[in-house]
Amino acid sequence: MHERERWQLIKAMLKQQPLVRIADVCRATGASEASVRRDFVRLAEMGSATRVRGGLEPMSGSPTEAGDAPALATRSFEISKTLNVAAKRAIARAAVALCSDGDAIIINGGTTTFQMGEFLRERRLKVLTNSYPLAETLIHHSNCRVALPGGEVYREQKLIVSPFEEDAIQHYSASRMFMSAISIGLLGVVEGDPLIARAESKLIKRADRLVVLADSSKFTARGSLVVCPLSRISTVITDAEAPKHALDMLRDAGIEVMIAADAPDEVVAA
């Protein structure tokens, strides 16, 4: 993660909690302690936060405006969508190839899953998604039926997230859920924000099979909230740069692994 991306994440965390510790940012970003210390110094010099013993605090008198949703402690959609674009498109194409017209599916909010919209244009599926840019794409440029969960809109991540256990998705049933996340490791799929982790956990319960879309960068440890264990995952679609030890880990867990190539329609089992 680049320096300015970390700064944006730290600012988002400061909007959500009164004290951000170095260890919190290291877990969320995978950055070294030395890098995060430098970030804290720079943000304090810029007047974006106040350094205190044990971490960083928001500047006094700078809360979010009334009515604003609190920020989520993950990088913004606009930044994420510029990263590993070719790999994400190939992975999304491979994911859509698993679908058949008439299927009911769930697609979570993320920049890899967002790429599925381009390849769903000629399909006729029932799609539940908490990504409002994906929903907009499908509504205007596809023949898919689109459902949205209830909840609050988080502009930075372009997500609709409900904090309630009982909401509009409880009666939805899908054959597959297609999911992207900030990280996948031995403990399972990992997120960096509790609201997102909770929302994803609820969506997973509504699907028979879980397909995780993870480019090679997602096998670096980030975040601290396990959304689901490896045993819940049916398939992982990744790219050719995924580390061998990560692929071995997935296969050992009984997960089908697919490698998406850059060229159209080239997908192979790993």
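Nothing here was measured: the structure is a model prediction, and the numbers come from that model. The first residue of the sequence shown is numbered 1, and numbering continues consecutively from there.
- Put simply, the side chain of Leu148 reaches to within 4.5 Å of the side chain of Thr129, judged on heavy atoms.
- Taking the side chain as every heavy atom from C-beta outward, Met177 and Val211 never approach each other to under 4.5 Å.
- The shortest non-hydrogen separation linking Ala94 to Ala260 is CB-CB, 4.1 Å.
- The closest side-chain heavy-atom distance from Cys228 to Leu210 is below 4.5 Å.
- Summarising the geometry of Leu159 relative to Tyr132, their closest heavy-atom pair is N-CE2, 3.9 Å, with the distance given to 0.1 Å.
- Taken to the nearest 0.5 Å, the CG atom of Asn108 stands 7.0 Å off from the CG atom of Leu203.
- Val20 is not connected to Val52 by any chain of hydrophobic side-chain contacts under 4.5 Å among Ile, Leu, Val, Met, Phe, Trp and Tyr, and they are in different clusters.
- Although no hydrogens or angles enter the test, the distance criterion places no donor-acceptor pair under 3.5 Å between the side chain of Arg206 and the main chain of Ser173.
- Counting heavy atoms from C-beta on, the side chains of Glu118 and Arg89 come closer than 4.5 Å.
- Sorted pairs that involve residues 119-137 and meet salt bridge (Lys or Arg N to Asp or Glu O under 4.0 Å), not counting sequence neighbours, are lacking altogether.
- Residues Tyr154 and Gln157 form a side-chain contact, since some pair of their non-hydrogen atoms from C-beta on lies under 4.5 Å apart.
- Within 6.0 Å of the CZ atom in Arg21, the count of heavy atoms belonging to other residues, nucleotides or ligands does not exceed 12.
- Hydrophobic clustering (ILVMFWY, side-chain heavy atoms < 4.5 Å, transitive): Val226 and Phe219 are in distinct clusters.
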Notebook entry, point to check: Step by step, would you call Val236 with Met258 a side chain to side chain contact (heavy atoms under 4.5 Å, CB included)?
Noted result: CA-CA 6 Å; Val236 170; Met258 300 173 63; over 6 Å; no
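- Pairing each heavy atom of Ile105 with each of Ser175, the nearest pair is CG2-OG, 4.3 Å.
- Considering all non-hydrogen atoms of both residues, Leu138 and Ser142 come closest at O-OG, 2.6 Å.
- Considering every non-hydrogen atom in both Phe178 and Ala95, the closest pair reads CE2-O, 3.5 Å.
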Donor-acceptor pairs under 3.5 angstrom involving side-chain atoms of residues 34-43: please list them, not counting sequence neighbours.
| unit_1 | atom_1 | unit_2 | atom_2 | d |
| --- | --- | --- | --- | --- |
| Ser35 | OG | Ser32 | OG | 3.0 |
| Ser35 | OG | Arg38 | NH2 | 3.3 |
| Arg37 | NE | Glu33 | OE2 | 3.1 |
| Arg37 | NH2 | Glu33 | OE2 | 2.8 |
| Asp39 | OD1 | Arg6 | NH2 | 3.2 |
| Asp39 | OD1 | Trp7 | NE1 | 3.1 |
| Asp39 | OD2 | Arg6 | NE | 2.5 |
| Asp39 | OD2 | Arg6 | NH2 | 3.4 |

Next item on the list: Step by step, work out the side chain to side chain contact (heavy atoms under 4.5 Å, CB included) result for Met116 and Ile107.
Entry: CA-CA 9 Å; Met116 292 177 67; Ile107 304 177; 3.9 Å; yes
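- Across every non-hydrogen atom of Leu225 and Gly192, the tightest pair is CD1-C, 4.0 Å.
- Considering Val257, Leu98, Asp215 in turn, Leu98 is the only one that fulfils the side-chain contact (heavy atoms from CB on, under 4.5 Å) rule with Ile237.
- Side-chain contact annotation: Lys158 with Ser131, donor-acceptor N/O pair under 3.5 Å absent.
- With rounding to the nearest 0.5 angstrom, the CD1 atom of Ile182 is 8.5 Å from the CG atom of Leu9.
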Notebook entry, point to check: What do the steps show when you test Leu247 against Ile259 for side chain to side chain contact (heavy atoms under 4.5 Å, CB included), and what is the final call?
Noted result: CA-CA 10 Å; Leu247 301 182; Ile259 305 297; 4.3 Å; yes
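- For the atom pair Leu230 CG and Met249 CE, the distance stands at 5.5 Å (nearest 0.5 Å).
- Between Thr220 and Ser183, the closest side-chain pair of non-hydrogen atoms is not below 4.5 Å.
- Proximity of Ile184 to Leu250: side-chain heavy atoms (C-beta onward) are separated by under 4.5 Å at one or more points.
- Here the CG-CD distance, from Asp193 to Glu200, works out to 10.5 Å after rounding to the nearest 0.5 Å.
- Under the 4.5 Å side-chain heavy-atom criterion for grouping Ile, Leu, Val, Met, Phe, Trp and Tyr, Ile139 is connected to Leu120 within one hydrophobic cluster.
- Legend: salt bridge (Lys or Arg N to Asp or Glu O under 4.0 Å) pairs involving residues 234-246, not counting sequence neighbours, sorted by first then second residue: Lys244-Asp248.
- Cluster membership for Val189 and Ile255, using ILVMFWY side-chain heavy atoms within less than 4.5 angstrom, is shared.
- Without hydrogens or angle criteria, Thr238 side chain to Ala214 main chain gives a donor-acceptor distance under 3.5 Å.
- Distance check, rounded to the nearest 0.5 Å: OG of Ser48 to CD of Gln8 gives 12.0 Å.
- Remark: Arg176 CZ to Leu125 CG distance equals 10.5 Å, nearest 0.5 Å.
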Next item on the list: For the pair Thr111 and Lys88, evaluate side chain to side chain contact (heavy atoms under 4.5 Å, CB included) and give the outcome as yes or no after the intermediate values.
Entry: CA-CA 8 Å; Thr111 54; Lys88 289 177 179 179; 2.8 Å; yes
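- When each of Thr113, Val227, Ile233, Leu213 is tested with Met179 by the rule side-chain contact (heavy atoms from CB on, under 4.5 Å), just one qualifies, namely Val227.
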